[in-house]
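Values in this document were obtained by computation on a predicted structure and should not be read as measured data.
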Amino acid sequence: MNDSTVALPWLVIRQDDNGSRYRVGRYATRAEAQKIADSLDGRGQQLYWVERIGQNGTGARD
């Protein structure tokens, strides 16, 4: 785990119509990430959610 992982542990993830997932951004707080996910989710067909990076560097859906 590097310093940016610790400082920005919250991810916004987007899933497209084909099931492909993409990292949209990394944020310092869950509230900040959720605000972004909510604003993007209201725009269209894509699905957005927030995950926290775990100890092993992988996302955990929250």
TODO: Could you tell me whether a side-chain N or O of Asn18 sits under 3.5 Å from a main-chain N or O of Ser20, the two making a donor and an acceptor?
DONE: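 Looks like no, no N/O pair under 3.5 Å.
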TODO: For residues Tyr48 and Ala37, report the shortest heavy-atom separation together with the two atoms involved.
DONE: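 Shortest heavy-atom contact: CB-O, 3.9 Å.
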Open item on the list: Give me the atom names and distance for the closest heavy-atom approach of Arg14 to Gln46.
Closed with: NH1-OE1, 3.4 Å
Indicate yes or no: at least one non-hydrogen side-chain atom of [X] is less than 4.5 angstrom from one of [Y].
X	Y	result
Tyr22	Ile13	no
Leu11	Ile53	yes
Glu51	Val12	no

- [ ] With sequence neighbours excluded, tell me which residues meet side-chain hydrogen bond (donor to acceptor under 3.5 Å, both in side chains) with Asp41.
- [x]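 None.
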Open item on the list: Would you compute the distance between atom CG of Asp17 and atom CG of Leu47 and round it to the nearest 0.5 angstrom?
Closed with: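 Taking CG in Asp17 and CG in Leu47, the distance rounds to 10.0 Å.
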- [ ] With rounding to the nearest 0.5 Å, note down the distance linking CD1 in Ile36 to OH in Tyr27.
- [x]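 Output value for this atom pair is 4.5 Å.
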Open item on the list: Going by side chain to side chain contact (heavy atoms under 4.5 Å, CB included), name the residues that satisfy it together with Asp38, two or more places apart in sequence or in a different chain.
Closed with: Gln34
Task: Ala28: partners by side chain to side chain contact (heavy atoms under 4.5 Å, CB included), with sequence neighbours left out - done: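 For Ala28 the side chain to side chain contact (heavy atoms under 4.5 Å, CB included) partners, ignoring immediate neighbours, are Leu8, Glu32.
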